[in-house]
Amino acid sequence: MPVPRVRFCPAPSGWLHVGGARTALYNWLWARHTGGVFVFRIEDTDATRATPESMRGMIESMRFLGLDWDEGPEVSGPYGPYVQSERSDLYAAVSAKLLAAGAVYDAYETPEELEEQRQAQQRAGRPPGYAGGHRDLPDAQREAFLAEGRQPVLRVRTPDDGVVTVSDAVYGPVEFAWKDVADFVVERADRTHTYYLANAVDDLAMGINLVARGDELLSATPRQQLLYGLLLRDNLLDDALADNGYPARPPDAVPPSFAHLPLLVGEDRKPLSKCHGSVAVDEFRRQGYLPDVLVNVLALCGWSPGAAEERMTVDELVERFSLERVGRNPAYFDTAKLRAFNGDRIKELDDAELAERLQPYLNAAGLLPEVATPTQQRLLLGLAPLLRERIQTLAEAVPLVAFCFREVVELDAAAVAKHLKGRAGEVLDIAADRLAALGEWSGDAILGVFDGMAAELGLGRGKVMQPVRVAVAGTAVSPPLPQTLALLDRDVVVERVRAATARVAA
RNA sequence: GGUCCCGUCGUCUAGUGGCCCAGGACGCCGCCCUCUCAAGGCGGUAACGCCGGUUCAAAUCCGGUCGGGACUACCA
């Protein structure tokens with residue numbers, strides 16, 4: 001039994017979104033669960049779409065999620081390079097051999113002609129697909145096309161009849177009839193190579209023995225399997241590898257088996273794509289979701305631990321994950337559940353850890369410098385326990401505590417209108433005096449002041465504390481007031497309370 | 001149009017002939033608690049797409065039907 005070798009191979013265009021991340025995660029979980037190898041490969045064979053920024057973003061998002069790879073960009077490995085644009089000589093050598101062996105043939109239709117053919121087929125109520133028009137072209141015709149300046153593509157000759165069975169770890173055996181599989185392109189007119197070729201060559205060359213990928217590729221699997229057979233026949237691939245200075249395949253390499261994963265869909269039930277708003281992994285990071293929680297919830301999209309608890313650490317996921325329990329129906333990525341799980345995980349963080357995690361978000365909001373002063377760090381540490389119960393994401397802490405880090409606060413108009421009226425002026429005057437005179441600057445002592453005032457003035461706590469809250473925080477919402485005030489500089493608090501009296505409506 | 005896949009509460013799912021008048025989680029609703037916002041406690045809402053069949057018994061098996069999706073690219 002060879003050691004499992006799995007891979008994640010995104011095309012670097014756009015951001016890594018949760019669908020891709022889920023595919024990456026399942027491969028990673030399987031590798032870690034079985035003690036196998038997780039390969040990360042960049043499939044940038046389509047130069048018109050691939051961008052270096054996207055590749056960097058993918059790598060960053062993978063690192064953020066904690067999906068470390070054993071072989072791939074930045075870590076290298078024995079079967080590299082792991083970026084397909086650096087392997088084009090290999091693909092060229094393979095397709096030349098395929099042509100020499102008669103497995104592929106040159107076809108000269110222009111994209112426009114093909115499009116026209118498809119439309120004609122559609123109109124006639126026939127399935128669109130390459131009809132095999134340029135199979136077995138007479139030499140004279142071929143030369144005539146060349147003389148016209150046409151550049152051929154290379155197409156694989158697919159069987160005309162018979163069936164092929166794909167044994168899928170998730171779907172079980174799925175049968176396809178070869179007559180439904182049209183001759184497909186492996187080499188474009190510009191001599192670059194398509195996904196089919198590059199992907200099959202690399203999976204074989206890198207000894208990948210299990211391909212877990214999105215459901216949308218299930219019907220492409222017969223083509224893939226056909227290519228495996230072609231590449232392995234007469235040592236075609238092995239020779240190409242040796243001729244071009246690539247490492248030989250692992251000695252125990254076997255063609256991969258498959259596991260197709262149900263698609264992740266958006267709220268509209270359409271498959272996820274770049275068009276869908278905030279589904280990029282990086283966007284979830286910016287919003288303050290913890291990577292472990294993202295991993296947890298992603299794992300639950302399509303896989304179930306059975307009757308066991310759904311909230312799991314990454315280690316528990318690795319231990320329990322299995323392909324057998326991957327489902328077959330498309331899942332909607334539920335951000336409400338993500339929020340809930342995230343909030344729960346935040347509650348498990350201790351003060352120091354929470355403060356540390358919060359810091360980058362305060363940095364990004366311009367509330368803290370890159371390197372916080374000891375005073376700022378103490379303040380944040382003191383705020384942590386007050387924040388823990390009331391934030392679902394790390395970014396949600398920012399508006400709640402911004403007033404603690406600013407020199408001046410602007411009073412929210414709606415909050416002023418609602419709370420700085422009636423007896424608020426009287427309340428603020430007394431509060432300012434008593435807070436200024438308070439012996440011990442602590443949460444309990446401050447609460448004592450408010451309670452005393454409430455009793456004397458015959459007001460509820462709310463009537464006393466809300467005006468003060470608005471005065472100091474500028475908003476009607478903040479962490480618990482007495483404890484928060486205790487963390488701030490007393491002079492600042494008193495000054496803000498006095499200043500606010502001017503804003504009280506007559 | 002063709003091929004393939006899928007169909008359990010709003011969502012993700014558990015469920016492989018009786019343990020299911022269907023369980024969990026998230027959401028939602030109500031009550032309690034409360035200095036705001038939360039959190040917490042308690043309670044509640046809600047699903048086997050439909051029609052036939054097999055069987056003593058079906059969410060589970062079979063047939064059909066309807067609905068959704070993928071593929072059908074010189075994208076991956």
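Numbered from 1 within each chain, the chains take letters A, B, ... in sequence-line order.
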Of A/L114 and A/R390, the one whose closest nucleotide on RNA chain B sits nearer the 5' end is A/R390

Contacts of A/A107 and A/A308 projected onto RNA chain B by closest heavy atom; the upstream (5') one is A/A308

Select base, sugar-phosphate, or nothing to describe what [X] touches, counting heavy atoms under 4.0 Å on all strands.
X: A/R339; result: nothing
X: A/T45; result: sugar-phosphate
X: A/K347; result: sugar-phosphate

If we call it a pair only when both distances are under 3.5 Å in a Watson-Crick or G-U wobble match, what pairs with [N]?
N: B/rA59; answer: none
N: B/rC75; answer: none
N: B/rC4; answer: B/rG69
N: B/rC19; answer: none
N: B/rC35; answer: none
N: B/rA14; answer: none
N: B/rG30; answer: B/rC42

- Message: With hydrogens left out and only the distance checked, is there a donor-acceptor pair under 3.5 Å joining A/R328's side chain and the base of B/rC6?
- Response: no

* To do: Examine the base of B/rG24 for any acceptor or donor lying under 3.5 Å from a partner atom in the side chain of A/E310, and report the outcome as yes or no.
  => yes

Tell me whether the side-chain N/O atoms of [X] come closer than 4.0 Å to OP1 or OP2 in [N].
X: A/S13; N: B/rA76; value: no
X: A/N329; N: B/rG68; value: no
X: A/R188; N: B/rA76; value: yes
X: A/R388; N: B/rA39; value: no

Let me know the distance between [atom1] of [X] and [atom2] of [N], rounded to the nearest Å.
X: A/F176; N: B/rC71; atom1: CZ; atom2: P; answer: 13 Å
X: A/Y332; N: B/rC26; atom1: OH; atom2: P; answer: 16 Å
X: A/R461; N: B/rU34; atom1: CZ; atom2: P; answer: 9 Å
X: A/Y171; N: B/rC6; atom1: OH; atom2: C1'; answer: 7 Å
X: A/D183; N: B/rU72; atom1: CG; atom2: C1'; answer: 14 Å
X: A/H17; N: B/rA76; atom1: NE2; atom2: C1'; answer: 11 Å
X: A/R311; N: B/rC26; atom1: CZ; atom2: P; answer: 5 Å
X: A/L261; N: B/rU13; atom1: CG; atom2: C1'; answer: 16 Å

Using the side-chain heavy atoms of [X], tell me which of these nucleotides is nearest: [options].
X: A/L481; options: B/rC37, B/rC74, B/rC35; result: B/rC35
X: A/P480; options: B/rU36, B/rA73, B/rA76; result: B/rU36
X: A/L263; options: B/rA76, B/rG69, B/rC74; result: B/rG69

Could you work out the separation of [N] and [M] based on their [atom1] atoms and round it to a whole Å?
N: B/rA14; M: B/rG52; atom1: P; answer: 28 Å
N: B/rG40; M: B/rA57; atom1: P; answer: 47 Å
N: B/rA25; M: B/rC42; atom1: P; answer: 12 Å
N: B/rG68; M: B/rU55; atom1: P; answer: 35 Å
N: B/rA59; M: B/rU36; atom1: C1'; answer: 48 Å
N: B/rG10; M: B/rC28; atom1: C1'; answer: 8 Å
N: B/rC26; M: B/rC4; atom1: P; answer: 40 Å

Exercise. Anything under 30° is parallel, anything over 60° is perpendicular, the rest tilted; go ahead and classify A/W69 against A/F40.
Key: perpendicular

A/H134 and A/Y108 aromatic ring geometry - parallel, tilted or perpendicular at 30°/60° bounds: tilted

| request: Measure from NZ or CZ of A/R22 to the centre of the six-membered ring of A/Y26, then state whether that distance is under 6.0 Å and the direction lies within 45° of the axis. | output: yes

Less than 6.0 angstrom from the centroid, inside 45 degrees of the normal: does A/R155 satisfy that with respect to the ring of A/F184? no

Here the salt bridge (Lys or Arg N to Asp or Glu O under 4.0 Å) pairs for residues 388-404 of chain A, sequence neighbours left out, are A/R339-A/E396, A/D351-A/R388

Side-chain donor/acceptor pairs under 3.5 Å, residues 297-305 of chain A, sequence neighbours excluded:
{"unit_1": "A/W303", "atom_1": "NE1", "unit_2": "A/S322", "atom_2": "O", "d": "3.3"}
{"unit_1": "A/S304", "atom_1": "OG", "unit_2": "A/G306", "atom_2": "N", "d": "2.9"}

Check your understanding: Does the distance from a Lys or Arg side-chain N to an Asp or Glu carboxylate O, for A/D183 and A/R135, drop under 4.0 Å?
Key -> yes

Would you call A/E316 and A/R311 a salt bridge, taking side-chain N to carboxylate O under 4.0 Å as the test? no

